[in-house]
Q: 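Pasting a structure below so you can have a look.
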Amino acid sequence: QVQLVESGGVLVQAGGSLRLSCAASGLTFSSYDMGWFRQAPGTEREFVAHISWTGGSTNYANSVKGRFTISRDNAKNTVYLQMNSVKPEETAVYYCASNRWVATMTAAAEYAYWGQGTQVTVSS
């Protein structure tokens with residue numbers, strides 16, 4: 001079955017950097033769009049970034065543009081989220097998600113498969 005396993009969540013100071021990874025198995029990774037979402041307590045799951053199956057197209061939430069970078073290594077079946085200049089309000093559980101093709105990349109419902117999440121805590 002499809003498994004997505006996130007890692008890299010840590011406690012980091014505001015303004016710092018970290019990189020999240022998501023290792024995929026049970027699917028032909030190079031044929032799947034990938035996305036990152038986040039969810040803070042008491043809030044809805046929020047779109048962060050999306051990358052097409054080829055890696056040739058990326059999209060970001062306005063709040064992270066210029067600071068976060070999504071990338072993928074199809075040889076390693078892994079998608080990454082490089083997070084720079086992080087802010088305390090970005091403290092959340094970060095999830096990766098996938099689907100064969102995503103029409104509305106910002107919509108969580110478009111993604112069929114989800115990881116268990118990794119906690120990112122940004123201290124002020």
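Computed from heavy atoms alone, side chains included, the values below leave out hydrogens, waters and symmetry copies.
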Q: In the single-linkage hydrophobic clustering (I, L, V, M, F, W, Y; side-chain heavy atoms under 4.5 Å), do Leu81 and Tyr32 co-cluster?
A: yes
Q: Once you round to the nearest 0.5 Å, how far does CD of Glu46 lie from CD of Gln39?
A: 10.0 Å
Q: Minimum heavy-atom separation for Ala14 and Ser124, please, with both atom names.
A: CB-CA, 4.4 Å
Q: Report yes or no: do Tyr95 and Leu27 belong to one cluster of Ile/Leu/Val/Met/Phe/Trp/Tyr joined by side chain heavy-atom distances under 4.5 Å?
A: no
Q: Would you call the rings of His50 and Tyr111 parallel, tilted or perpendicular, where under 30° means parallel and over 60° means perpendicular?
A: perpendicular
Q: List the atom of Leu18, the atom of Leu20, and the distance in Å for their closest heavy-atom pair.
A: CD1-CD2, 4.0 Å
Q: Report the distance from atom OG1 of Thr91 to atom CZ of Arg38, rounding to the nearest 0.5 Å.
A: 9.5 Å
Q: May I ask you to test the Trp36-Val79 pair for a side-chain heavy-atom distance under 4.5 Å?
A: yes
Q: Please check if the side chain of Thr58 supplies one atom and the backbone of Ile51 the other of a donor-acceptor pair under 3.5 Å.
A: no
Q: Looking at every non-hydrogen atom in both residues, tell me the closest pair between Gly16 and Val12 and how far apart they are.
A: CA-CG2, 4.0 Å
Q: Same cluster or not: Phe37 versus Met105, using hydrophobic residues (I, L, V, M, F, W, Y) connected whenever any side-chain heavy atoms lie under 4.5 Å apart?
A: yes
Q: Over 60° means perpendicular and under 30° means parallel, so classify the ring planes of Tyr94 and Phe68, tilted if in between.
A: tilted
Q: Answer whether the closest heavy-atom distance between the side chains of Val5 and Ser7 falls below 4.5 Å.
A: no
Q: Does Ala103 offer a backbone N or O that forms a donor-acceptor pair with the side chain of Glu110 under 3.5 Å?
A: yes
Q: Taking all atoms of both residues into account, what is the closest heavy-atom pair of Val64 and Glu90, and its distance?
A: CG1-OE2, 3.9 Å
Q: Count the heavy atoms belonging to other residues, nucleotides or ligands that lie under 6.0 Å from OH of Tyr113, then report whether that count exceeds 12.
A: no
Q: Are Val86 and Val10 in one and the same hydrophobic cluster, where Ile, Leu, Val, Met, Phe, Trp and Tyr link if side-chain heavy atoms are under 4.5 Å apart?
A: yes
Q: Okay, side chain of Asp33, backbone of Trp53: is any donor-acceptor separation there less than 3.5 Å?
A: yes
Q: Which heavy atom of Met34 sits nearest to which heavy atom of Ile70, and what is that distance?
A: O-CD1, 4.1 Å
Q: Is it true that Trp114 and Phe47 fall in one hydrophobic cluster, defined by side-chain heavy atoms closer than 4.5 Å?
A: yes
Q: Any idea which heavy atoms bring Ala24 and Phe29 closest together, and the distance?
A: CB-CD1, 3.5 Å
Q: For Gly117, does its backbone N or O pair with a side-chain atom of Glu6 as donor and acceptor, under 3.5 Å?
A: yes
Q: CZ/Arg100 to OG1/Thr28 distance, rounded to the nearest 0.5 angstrom?
A: 7.0 Å
Q: Nearest 0.5 Å, please: how far is CG in Leu4 from OG in Ser98?
A: 4.5 Å
Q: Show me the pairs that pass side-chain hydrogen bond (donor to acceptor under 3.5 Å, both in side chains) and involve residues 74-87, at least two apart or across chains.
A: Ser17-Asn84, Arg72-Asn74, Gln82-Asn84
